[in-house]
Protein chains: 2
Amino acid sequence: MGRTSINVYKFQKEDYIMSDKRNTWQKKVIYSVIKELKTHPTVQSLIDELEKRGYKIGKSTVYRVLSDAVDEGIVMNVYSGDKMEHYDGNTEKHYHIRCKVCDRIYDSELPYQDSITRMGVETDSGFVILSHNLEFIGICPNCKDSLKSL
Amino acid sequence: MGRTSINVYKFQKEDYIMSDKRNTWQKKVIYSVIKELKTHPTVQSLIDELEKRGYKIGKSTVYRVLSDAVDEGIVMNVYSGDKMEHYDGNTEKHYHIRCKVCDRIYDSELPYQDSITRMGVETDSGFVILSHNLEFIGICPNCKDSLKSL
DNA sequence: CTAAGTGCAAATCCTTTGCGCAATG
DNA sequence: CATTGCGCAAAGGATTTGCACTTAG
């Protein structure tokens, strides 16, 4: 098994939504790391991060654990400019900023605005609007700097 | 070649951004149909639509034509809940509503709000914010009706 | 004519699945 | 010790690419 020396995510009562789920070290480590990272990783970049930390977890396990975690509301999917699935351990409603240049996703400082959902009233169409996603597009500090030096 | 009897997209000056691009009937038909559709189709559903109209165009051609059209700003990519690439022939800034139930994408009636981009000022981080994407999540009239009858 | 574009089939990349083995509760 | 979960390798599905053929200009 992987290193045992890091502080691993402690399972919460809420995590036991399905009665017959088992509490494996792989799941603990994945939960722990995804909750800690602010980088909205893909499965592959999460695996790289896990290996960097000394954990070897099979790719299909990572896919399965994350997919279940999404179903249970423990993590969120994020869609990005690339075609890969990204994951966000922060399930609070919040916004992202995508860097046009490097396609990395960052968290926005702007708090969630319920008022925006209300802007979406569709008078004619009979649509029910429940929520919204807002993504800012910009250039991140890193890329801004590298552009300057061209 | 395909049927010639429909009103086919007329190439605009702006479409000839790259000097050495050729004006094939396949490109004309694809442009024409994607500009007409409000359904934000995937490549496959566009091909189905084309065949319904009597046009047989190879899948890789459709992929290539759309991908070039995105690069040239003639059509836009749209990301949806499914993992497939959707295309939007309307390149004006506008918002979408995604139906939670069927994952179809509709156009929102809400006009583009420049003010929202301005909400995204990142004081600390040194980010430059250029624009935003806003997507409403809701239930479309179709799905609302089918849910009622359960 | 001659390069760009097309269409097929093969290749690629991300993701999902089947299945024998391991480990939880 | 019964069953869930893991990891591997194979399958799947969307998109991309190589290449011989077609066609626009």
Side-chain angles (χ1 to χ4, degrees), chain A residues 1-2 4 8-11 13 15-31 33-34 40-48 50-51 55-72 74-75 77-87 103, chain B residues 1-2 4 8-11 13 15-31 33-34 40-48 50-51 55-72 74-75 77-87 103:
Chain A
M1 99 167 245
T4 49
V8 141
Y9 179 79
K10 287 205 153 184
F11 273 51
K13 267 203 296 300
D15 298 341
Y16 294 103
I17 296 175
M18 316 298 268
S19 47
D20 48 4
K21 289 284 168 72
R22 285 184 188 173
N23 193 343
T24 64
W25 69 264
Q26 288 92 334
K27 224 180 271 187
K28 286 191 198 177
V29 173
I30 292 171
Y31 281 18
V33 173
I34 192 73
H40 315 91
T42 61
V43 165
Q44 189 53 59
S45 50
L46 181 57
I47 288 173
D48 294 345
L50 291 169
E51 293 196 337
Y55 299 108
K56 175 87 182 49
I57 303 183
K59 187 173 289 196
S60 51
T61 300
V62 177
Y63 272 105
R64 266 184 294 235
V65 168
L66 286 177
S67 157
D68 291 352
V70 170
D71 293 346
E72 293 166 21
I74 298 168
V75 304
N77 271 140
V78 190
Y79 302 99
S80 160
D82 59 38
K83 279 146 209 168
M84 287 177 282
E85 200 105 31
H86 291 245
Y87 295 89
D103 261 336
Chain B
M1 103 167 243
T4 50
V8 141
Y9 178 78
K10 289 201 153 186
F11 273 51
K13 268 201 296 302
D15 297 342
Y16 294 102
I17 295 175
M18 314 302 265
S19 48
D20 49 3
K21 288 285 168 71
R22 285 183 189 176
N23 192 343
T24 63
W25 70 263
Q26 288 92 333
K27 225 181 269 188
K28 286 192 199 176
V29 172
I30 292 170
Y31 282 17
V33 173
I34 192 74
H40 316 89
T42 61
V43 165
Q44 189 54 57
S45 49
L46 181 57
I47 288 173
D48 295 346
L50 292 168
E51 293 197 336
Y55 299 108
K56 176 87 183 53
I57 303 182
K59 188 172 287 195
S60 50
T61 299
V62 178
Y63 271 105
R64 266 183 296 232
V65 168
L66 286 177
S67 158
D68 291 352
V70 170
D71 291 347
E72 295 166 18
I74 297 166
V75 304
N77 271 140
V78 190
Y79 303 98
S80 160
D82 59 40
K83 276 147 212 170
M84 287 177 282
E85 199 105 28
H86 291 246
Y87 295 89
D103 262 335

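In what follows, chains carry the letters A, B, and so on, assigned in the order in which the sequence lines appear, proteins first and then strands, with residues in each chain numbered from 1.
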- Task: Using a 4.0 Å heavy-atom cut-off across all strands, classify Gln44(A) as base, sugar-phosphate, or nothing.
- Result: nothing
- Would you say dT15(C) has OP1 or OP2 under 4.0 Å from some side-chain N or O of Tyr63(A)? yes
- Query: In degrees rounded to 10°, what angle is found between the helical axes fit to the five outermost pairs at each end of the helix from dC1(C)-dG25(D) to dG25(C)-dC1(D)?
  - Reply: 30°
- Rounded to the Å, how far apart are Arg64(B) CZ and dA14(D) P? 19 Å
- Item | Whole-Å distance separating the CD1 atom of Ile57(A) from the P atom of dA22(C) | 18 Å
- dT6(C) phosphate, OP1 or OP2: any side-chain N/O from Thr24(B) under 4.0 angstrom? yes
- Of the nucleotides dG18(D), dT16(C), dG25(C), which one has an atom closest to the side chain of Lys83(B)? dT16(C)
- Kindly point out which of dG5(D), dC8(D), dG5(C) is positioned nearest to the side chain of Lys56(A)? dC8(D)
- Rounding to a whole Å, what distance do you find between Gln26(B):CD and dC8(C):C1'? 14 Å
- Beyond-backbone contact of Tyr31(B) with Val75(B), side-chain heavy atoms, under 4.5 angstrom: no
- In terms of side-chain heavy atoms of Ser60(A), which of dC14(C), dA3(C), dC8(D) is nearest? dC8(D)
- Item | Whole angstrom value for the distance that separates C1' of dA23(C) from NZ of Lys28(A) | 13 Å
- Starting at atom CG of Leu66(B), determine the distance to atom P of dT6(C), rounded to an integer number of angstrom. 11 Å
- Give the nucleotide from the list dT6(C), dG25(C), dG5(C) with an atom nearest to the side chain of Val65(B). dT6(C)
- With the side chain defined as heavy atoms from C-beta on, Lys27(A) is closest, among dG25(D), dG5(D), dG7(C), to dG5(D)
- Query: Hey, are the side chains of Tyr55(B) and Gln26(B) touching, using non-hydrogen atoms and a 4.5 Å cut-off?
  - Reply: no
